[in-house]
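Inspection log for the structure reproduced underneath, given as structure tokens.
In this text, all values refer to a predicted model and were calculated from it rather than measured experimentally. Numbers restart at 1 for each chain; the letters A, B, ... are given by sequence-line order, proteins then strands.
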Number of protein chains: 2
Amino acid sequence: MDRTDDSLIALRRILRATELYARELAHSAGLTPAQLRVLQIVDEKSSATPKDLAKQMGVSQATITALVDKLVSRNQVCRVPSQTDRRQTNVTITPEGHETLVNAPDALQQKFVRSFEALEDWEQAMLVAALERIATMLDAEEIDAAPVLTTGELQMGGRRI
Amino acid sequence: MDRTDDSLIALRRILRATELYARELAHSAGLTPAQLRVLQIVDEKSSATPKDLAKQMGVSQATITALVDKLVSRNQVCRVPSQTDRRQTNVTITPEGHETLVNAPDALQQKFVRSFEALEDWEQAMLVAALERIATMLDAEEIDAAPVLTTGELQMGGRRI
DNA sequence: CTTGTTTTGTTCGATTGTTAAAATAACCAG
DNA sequence: CTGGTTATTTTAACAATCGAACAAAACAAG
């Protein structure tokens with residue numbers, strides 16, 4: 001009867017499934033999960049600065065430096081000095097890196113896409129609406145700017161996502 | 001117009017928001033994200049073996065041993081030898097560990113729960129139905145048993161979650 | 001009961017992820 | 001030019017992770 005709990009439980013199932021698959025996927029691509037995520041972001045945006053990557057992934061720039069070092073040594077990405085601002089470095093994907101992504105057997109992706117595209121039109125529309133609504137609930141105020149609450153604030157019990 | 005892409009984009013927003021918040025939350029609780037997750041699972045189930053934890057989190061048992069060691073040294077959990085099977089160890093949460101969870105300022109949680117509970121009844125029902133449907137799509141066949149596809153399999157393009 | 005196999009958990013060694021703080025270098029405003 | 005800001009890397013230390021090897025207990029078949 002408690003819909004809030006039901007929604008949180010379903011959300012956790014989604015998070016767990018995607019995370020476990022992400023590990024599997026990275027492993028079969030011969031990379032670590034963190035490295036694969038860098039590669040994916042760089043591929044999607046076709047070019048990203050370390051600062052962008054750090055913000056997107058929620059880690060420090062020092063971490064990005066280390067990850068990019070690893071990917072560079074494997075010829076998956078390369079560093080291209082920015083023309084407009086010589087402080088910046090653009091990380092771009094190499095043909096080898098793109099090949100890695102194309103060959104990554106994204107089982108979760110495949111399963112989801114197949115299931116989703118098998119649905120009736122109105123069902124798809126409903127799911128997209130629901131997902132977007134939930135996404136907006138979760139990332140409403142940009143995470144980066146979210147003030148870190150200190151202990152003693154209002155609590156909602158032991159629930160969590 | 002491509003609903004599949006829209007759904008994946010929304011899903012990624014959800015994943016990113018929850019992951020970024022998980023880091024923040026763990027940090028403000030004085031633990032690492034991995035340690036906090038162990039603590040959460042142990043609290044939820046009130047007792048879990050290292051094998052359970054490894055399976056739930058998708059890491060090796062060796063990793064769990066290391067994480068539990070850290071939590072034990074901070075008095076957040078303790079190891080209780082199983083009575084029924086002396087090979088097994090039950091990891092249980094301590095009062096201090098429970099206190100840690102209660103005091104963890106779960107901002108994401110609070111925001112989501114507040115937003116969700118402010119919705120109309122039918123809207124909540126719709127979201128729960130959508131979430132459960134998606135969760136089922138994603139974790140249908142238990143991940144642990146999922147065969148690792150090798151390269152050369154059917155690909156769905158560059159999409160990913 | 002004894003032997004061989006499986007299950008559970010830990011230890012060890014090595015690699016990777018992660019951060020804070022310091023160091024570098026370039027931008028920008030006056 | 002000077003001082004302040006921004007982007008990135010370096011360094012040093014700690015945490016996460018795994019595979020392989022190990023020990024102990026359960027179990028199965030004779």
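- The distance from atom NZ of A:Lys70 to atom C1' of D:dA16 is 13 Å, rounded to the nearest whole Å.
- Regarding contacts with the backbone of C:dT19, a side-chain N or O of A:Ser60 is found under 4.0 angstrom from either OP1 or OP2.
- B:Ala66 comes within contact range of at least one nucleobase, with a heavy-atom separation under 4.0 Å.
- Both A:Val59 and A:Gln83 lie close to DNA chain C; mapped to their nearest nucleotides by heavy-atom distance, the more 5′-ward contact belongs to A:Val59.
- Comparing B:Arg74 and B:Thr84 against DNA chain D, the residue whose closest nucleotide sits nearer the 5' end is B:Arg74.
- As rounded to whole Å, 12 Å separates atom P of D:dC18 from atom CD of A:Glu24.
- The side chain of A:Arg79 approaches D:dT9 more closely than any other nucleotide in the set D:dA16, D:dC18, D:dT9.
- Residue A:Thr89 is classed as a sugar-phosphate contact, given heavy-atom separations below 4.0 Å to backbone atoms only.
- When rounded to the nearest whole Å, the span between NZ of B:Lys51 and P of D:dA24 equals 20 Å.
- The backbone N or O of A:Asp121 sits nowhere less than 3.5 Å from a side-chain atom of A:Gln124 that would complete a donor-acceptor pair.
- Within 4.0 Å of B:Thr65, counting heavy atoms only, lies at least one base atom of the nucleic acid.
- A donor-acceptor contact shorter than 3.5 Å is absent between the side chain of A:Ser46 and the backbone of A:Val42.
- Linking ILVMFWY residues whenever their side-chain heavy atoms come closer than 4.5 Å, directly or via other members, places A:Leu15 and B:Met137 in the same cluster.
- For the 3.5 Å distance criterion, the side chains of B:Asp52 and B:Thr49 qualify, holding a donor opposite an acceptor.
- Backbone-only engagement by A:Thr49 is indicated by non-hydrogen atom pairs under 4.0 Å involving sugar-phosphate atoms exclusively.
- Atom OG1 in A:Thr94 sits 5.5 Å away from atom CD in A:Gln76 (nearest 0.5 Å).
- For A:Asp85, taking side-chain heavy atoms from C-beta onward, the closest of the listed nucleotides C:dT18, C:dA26, D:dG19 is C:dA26.
- In this model, the phosphate group of D:dA26 is approached by a side-chain N or O of B:Arg86 to a distance below 4.0 Å at OP1 or OP2.
- When every heavy atom of B:Gln56 is checked against every heavy atom of A:Arg16, the shortest pair comes out as O-NE, 2.9 Å.
- Side-chain N/O atoms of B:Arg87 and base N/O atoms of C:dT7 include a donor-acceptor pair closer than 3.5 Å.
- Taking atom CG of A:Asp69 as the reference point, atom P of C:dT18 lies 14 Å away to the nearest angstrom.
- Here D:dT8 presents its C1' atom at 13 Å from CG of A:Asp52, a figure rounded to the nearest Å.
- Atom CD1 of A:Ile64 and atom P of C:dA20 are 14 Å apart (whole Å).
- Across all strands shown, A:Gln61 has heavy atoms under 4.0 Å from base atoms, whether or not it also approaches the sugar-phosphate.
- A:Leu36 has its CG atom 15 Å from the C1' atom of C:dG17, to the nearest Å.
- Relative to the side chain of B:Ala62, the nucleotides C:dT18, D:dA20, C:dG17 differ in distance, and D:dA20 lies closest.
- In this structure, A:Gln35 atom CD and D:dC18 atom C1' are separated by 14 Å, rounded to whole Å.
- Counting only heavy atoms from C-beta on, B:Leu67 has its side chain closest to D:dT17 among C:dT10, D:dT17, D:dA25.
- Across all strands shown, A:Thr32 has heavy atoms under 4.0 Å from sugar-phosphate atoms exclusively, and none from any base.
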